[in-house]
Trainee: 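Here it is, the structure in full.
Source: prediction; values computed, not measured.
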Amino acid sequence: MSDAGLSSVGNAARLLKAFLSREKEIGVSELARRLGLGKSTVHRLLTTLLQEGLVEKTAGGGYRLGLTMFELGQVVQSHMDLHGAVGPVLASLREETHEGCQVGVLDGHEVVYIDRLESSQTLRLFNETGRRVPVHTTSSGKVLLTHLPDDELERVLAAAAPLAQMTPRSITDPAELRAELARVRARGWAEAVEEREVGVASIAAPVRDATGHVVAAISIGAPAARMGAQQRRRLAEVVVEAGEAASRRLGWSPETRHLREG
């Protein structure tokens with residue numbers, strides 16, 4: 001991006017922050033004065049932000065934050081709620097399994113890990129918080145895909161196409177992936193064995209909000225040598241229980257499960 005482009009982005013950010021004053025609306029002249037910019041520059045910025053839904057024009061001719069800003073704020077709030085809800089659950093999960101555990105959310109066709117605790121074992125994995133990974137290669141991604149509406153699932157798969165082959169065991173055929181998602185839905189948890197990284201296995205379960213929507217996936221990851229088929233089945237029960245515990249902390253109740261899964 002050019003220096004001019006970076007300057008425009010910076011000015012747009014400063015303009016949006018001007019609304020932190022909580023006034024009902026602010027006019028072009030006042031924004032220009034506060035930002036130390038020309039009216040024509042402020043008007044150009046507002047026109048762009050208006051097109052993106054980040055601001056809206058009021059009946060009085062001023063501007064206020066738009067609906068998109070509210071929606072972005074809700075996303076931030078949900079992630080903050082997730083941090084608070086899953087923190088104690090992650091600690092308990094690591095204590096019980098002694099493996100690294102994390103919480104991932106869907107962002108486009110990638111999984112972003114927003115919380116993570118490292119394994120207490122000597123041989124451990126090092127995956128940093130905030131890391132993005134292809135959604136189809138992880139147990140967390142499979143859980144998140146499984147609970148998308150059909151039309152949204154198709155959009156995500158289209159955006160991810162062609163499905164990247166990270167290892168020889170990565171699922172790259174959309175039909176095969178859909179079959180895998182059906183298995184995940186049937187048993188309530190997902191696994192990925194050497195699909196993103198050779199020698200690594202993971203297990204994930206859904207985390208629901210108060211309405212029953214799946215908003216995240218909680219998972220454990222470990223060297224595949226420590227997670228054979230029998231061990232994965234045993235650990236899956238623990239991870240599912242952790243997912244339900246985190247969900248209850250977000251206001252979900254098992255009694256409402258049929259409303260989302262029926």
Side-chain angles (χ1 to χ4, degrees), residues 85-86 88-106 111 113 115-127 133-148 153 163 166-173 175-208 212 214-249 252 254 257-258 260-262:
V86 304
V89 177
L90 278 180
S92 297
L93 184 60
R94 180 177 63 174
E95 182 177 353
E96 183 169 358
T97 65
H98 306 291
E99 300 294 0
C101 50
Q102 51 275 320
V103 172
V105 298
L106 187 64
V111 175
Y113 294 107
D115 252 323
R116 177 171 176 80
L117 291 177
E118 291 293 347
S119 168
S120 59
Q121 307 214 44
T122 304
L123 181 58
R124 64 184 69 176
L125 308 178
F126 294 94
N127 292 324
V133 298
V135 68
H136 65 289
T137 64
T138 70
S139 57
S140 292
K142 292 177 184 178
V143 164
L144 295 168
L145 289 177
T146 295
H147 295 280
L148 289 178
L153 172 61
L163 298 177
M166 307 295 288
T167 75
R169 299 190 64 171
S170 299
I171 299 175
T172 58
D173 181 357
E176 184 181 347
L177 179 59
R178 291 187 183 90
E180 173 73 357
L181 298 182
R183 289 189 288 269
V184 172
R185 177 176 290 277
R187 68 189 178 199
W189 55 275
E191 64 182 359
V193 181
E194 299 187 304
E195 295 179 36
R196 180 176 60 84
E197 186 176 347
V198 173
V200 175
S202 65
I203 300 167
V207 175
R208 302 174 185 274
V214 173
V215 294
I218 189 168
S219 63
I220 60 173
R226 283 207 300 262
M227 292 181 67
Q230 184 175 351
Q231 181 75 342
R232 292 198 301 275
R233 287 193 295 272
R234 185 188 71 79
L235 290 172
E237 297 181 7
V238 179
V239 177
V240 169
E241 290 175 0
E244 293 184 350
S247 299
R248 286 192 293 271
R249 291 176 63 86
W252 175 79
R257 183 180 308 186
H258 68 281
R260 298 300 307 171
E261 297 182 352

Trainee: Return the CG to CD distance between Leu235 and Glu191, rounded to the nearest 0.5 Å.
Mentor: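 Nearest 0.5 Å value for the CG-CD distance: 11.0 Å.
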Trainee: Do Ser170 side-chain atoms and Glu195 backbone N/O form a donor-acceptor pair below 3.5 Å?
Mentor: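 Side chain of Ser170 to backbone of Glu195: a pair is present.
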Trainee: Between Val133 and Met166, does the side chain to side chain contact (heavy atoms under 4.5 Å, CB included) criterion hold? Intermediate values first, please.
Mentor: CA-CA 10 Å; Val133 298; Met166 307 295 288; over 6 Å; no
Trainee: Testing the basics here: between Glu194 and Gly199, what is the closest heavy-atom pair and its distance to 0.1 Å?
Mentor: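 In this case the closest contact between Glu194 and Gly199 is OE2-N, 2.7 Å.
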Trainee: Within the distance-only criterion (no hydrogens, no angle test), does the side chain of Thr167 pair as donor or acceptor with the backbone N or O of Arg169 below 3.5 angstrom?
Mentor: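 Indeed, once roles are kept as given, a pair shorter than 3.5 Å links the two residues.
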Trainee: When rounded to the nearest 0.5 angstrom, what is the spacing between CG in Leu145 and OG in Ser140?
Mentor: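 Rounded to the nearest 0.5 Å, the CG-OG separation comes to 10.5 Å.
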Trainee: State whether the number of non-hydrogen atoms from other residues, nucleotides or ligands found under 6.0 Å of Gln231 atom CD is greater than 12.
Mentor: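 Atom CD in Gln231 is packed in, count exceeds 12.
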Trainee: Report yes if some heavy atom in the side chain of Val207 is under 4.5 Å from a heavy atom in the side chain of Val103; otherwise report no.
Mentor: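 Heavy-atom side-chain distance check fails, nothing below 4.5 Å.
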Trainee: Would the distance check show the side chain of Ser247 and the main-chain N or O of Arg208 forming a donor-acceptor pair, the cut-off being under 3.5 Å?
Mentor: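 Yes; at least one donor-acceptor contact below 3.5 Å.
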Trainee: State the OG-NZ distance between Ser202 and Lys142, to the nearest 0.5 angstrom.
Mentor: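 The NZ atom of Lys142 is 7.5 Å from OG of Ser202, to the nearest 0.5 Å.
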Trainee: Could you pull out the closest heavy-atom pair between Val215 and Val105, with the gap in Å?
Mentor: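 In terms of heavy atoms, the two residues are closest at O-CG1, 3.6 Å.
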Trainee: Are any non-hydrogen side-chain atoms of Val193 and Arg232 less than 4.5 angstrom apart?
Mentor: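 They are in contact (side-chain heavy atoms under 4.5 Å apart), so the answer is yes.
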Trainee: Rounded to the nearest 0.5 Å, what separation is found between the SG atom of Cys101 and the CD atom of Glu95?
Mentor: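 That separation rounds to 11.0 Å.
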Trainee: Mind checking the CG-CD1 spacing from Leu90 to Ile218? Nearest 0.5 Å is all I need.
Mentor: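 Rounded to the nearest 0.5 Å, the CG-CD1 separation comes to 4.5 Å.
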Trainee: Are side-chain heavy atoms of Arg249 and Pro88 found at a separation under 4.5 Å?
Mentor: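 Counting from C-beta outward, Arg249 and Pro88 do come under 4.5 Å.
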Trainee: How close do Pro206 and Gly188 get, counting heavy atoms only, and between which atoms?
Mentor: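 What the structure gives for the nearest pair is CD-O, 3.5 Å.
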Trainee: If you take all heavy atoms of Gly141 and Val111, which pair is closest and at what distance?
Mentor: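 Between these two residues, the closest heavy atoms are CA-CG2, 3.5 Å.
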Trainee: Let me confirm one number: the OG1-CG distance from Thr146 to Leu177, rounded to the nearest 0.5 Å.
Mentor: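 If I round to the nearest 0.5 Å, the distance is 8.5 Å.
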Trainee: Quick check: does any side chain N or O of Glu118 sit under 3.5 Å from a backbone N or O of Gly100, one acting as donor and the other as acceptor?
Mentor: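 Such a contact is absent between Glu118 side chain and Gly100 backbone.
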Trainee: Would you say the side chain of Tyr113 lies within less than 4.5 Å of the side chain of Thr138, judging by non-hydrogen atoms?
Mentor: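 With C-beta onward as the side chain, the pair touches.
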Trainee: Can you name the closest pair of heavy atoms from Ser219 and Leu93 and give their distance?
Mentor: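 Shortest heavy-atom contact: O-CD2, 4.3 Å.
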Trainee: Any side-chain heavy-atom pair from Leu148 and Leu106 closer than 4.5 angstrom?
Mentor: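 SC-SC contact between Leu148 and Leu106 confirmed.
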Trainee: Taking the side chain as everything from C-beta on, heavy atoms only, tell me whether Trp189 gets closer than 4.5 Å to Glu237.
Mentor: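 Side-chain contact under 4.5 Å: no.
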Trainee: Taking all heavy atoms of Leu144 and all of Gly104, pick out the closest pair and write down the distance.
Mentor: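 It is CD1-O, 4.0 Å.
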